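Accompanying notes for the structure given below.
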Amino acid sequence: MRIDRWNDDACPIARAMSVLGQRWAVLIIREAMLGRSRFSEFREQLGVASDVLSDRLSQLVAVGILEDVEYQRPGDRTRRRYTLTDVGRDLAPVLGAMGKWGRVHLARPYSSAYHFVDTATGEPVSVSFCRQDGTRVRPADVTLLPGEQ
């Protein structure tokens, strides 16, 4: 994994960016959330160079977002597939928030129709800030405060 000054930063946003800010990382995670798991599927969907894809998949495995699992089809060589871990699935709200922001603020007539749903009911879900009692709060009414170090 690439080492940069953000890896050990006191700010958790900076530490997250040391992983998620790598080119292709978030899109690979998106594809894994859409059910892609094989190297060839990621490469086909994203059009990323094989060496870059291999590097990013290794980084995502190293930090625990993906796990690589060997599989073999009859008569074929052993291959690897990449599946989301619990750590990776915890990124669903992050991707949901990014998708919502992009859909609203970078709208395009050809935007994809993918969306997040409750697995049990199929009902659409969205990402939002909530108070302790569950009441939603508009993003414009939320402030980030510095913590004590």
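Everything numeric here is computed off the predicted structure, so don't read it as measured data.
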Checklist entry - Of the non-hydrogen atoms in R131 and V137, which two are nearest, and what is the gap between them? => result CG-CG2, 3.5 Å
Checklist entry - Same hydrophobic cluster for V127 and L84, using side-chain heavy-atom links shorter than 4.5 Å among ILVMFWY? => result no
Next on the checklist: To the closest 0.5 Å, what do you measure between NZ (K100) and NE2 (H105)?
Outcome noted: 9.0 Å
Checklist entry - How long is the gap from CD1 on I13 to OG on S18, to the nearest 0.5 Å? => result 12.5 Å
Checklist entry - Looking at A113 and R103, what are the two nearest heavy atoms and their distance? => result C-NH2, 4.5 Å
Checklist entry - Do L20 and V87 belong together in a cluster built from hydrophobic side chains that touch within less than 4.5 Å? => result yes
Checklist entry - What's the spacing between R81 CZ and E41 CD if we round to 0.5 Å? => result 10.5 Å
Distance-only donor-acceptor pairs under 3.5 Å for side chains of residues 29-38, two or more places apart:
residue : atom : partner : partner atom : Å
E31     : OE1  : R36     : NE           : 2.7
R36     : NH2  : Q45     : OE1          : 3.3

Next on the checklist: Is the shortest side-chain heavy-atom distance between M98 and V26 below 4.5 Å?
Outcome noted: yes
Checklist outcome for this item: Minimal heavy-atom distance between R15 and A10, with the atoms involved, is NH1-O, 3.0 Å
Next on the checklist: More than 12 heavy atoms of other residues, nucleotides or ligands under 6.0 Å from CZ of F129: yes or no?
Outcome noted: no
Next on the checklist: Show me the pairs that pass side-chain hydrogen bond (donor to acceptor under 3.5 Å, both in side chains) and involve residues 84-96, at least two apart or across chains.
Outcome noted: D86-R89
Checklist entry - D76 and Q72: side-chain donor and acceptor closer than 3.5 Å? => result no
Item to check | Separation between CD of E67 and CD1 of I65, rounded to the nearest 0.5 Å | outcome: 13.0 Å
Next on the checklist: Is there a side-chain contact between F39 and S54 in this structure, where contact means two heavy atoms from C-beta onward sitting under 4.5 Å apart?
Outcome noted: yes
Checklist entry - Residues two or more places apart in sequence or in another chain: which of them pass side chain to side chain contact (heavy atoms under 4.5 Å, CB included) with V61? => result L66, D68, Y82
Checklist entry - How far does CG of L57 sit from CZ of R43, to the nearest 0.5 angstrom? => result 12.0 Å
Checklist entry - Under 4.5 Å between side-chain heavy atoms, hopping through other hydrophobics if needed: is there a path connecting V94 to L60? => result yes
Next on the checklist: What's the separation between atom CG in L27 and atom CG in L53, rounded to the nearest 0.5 Å?
Outcome noted: 11.5 Å
Checklist entry - Would F42 and V69 show up in the same hydrophobic cluster when neighbours are defined by side-chain heavy atoms closer than 4.5 Å? => result no
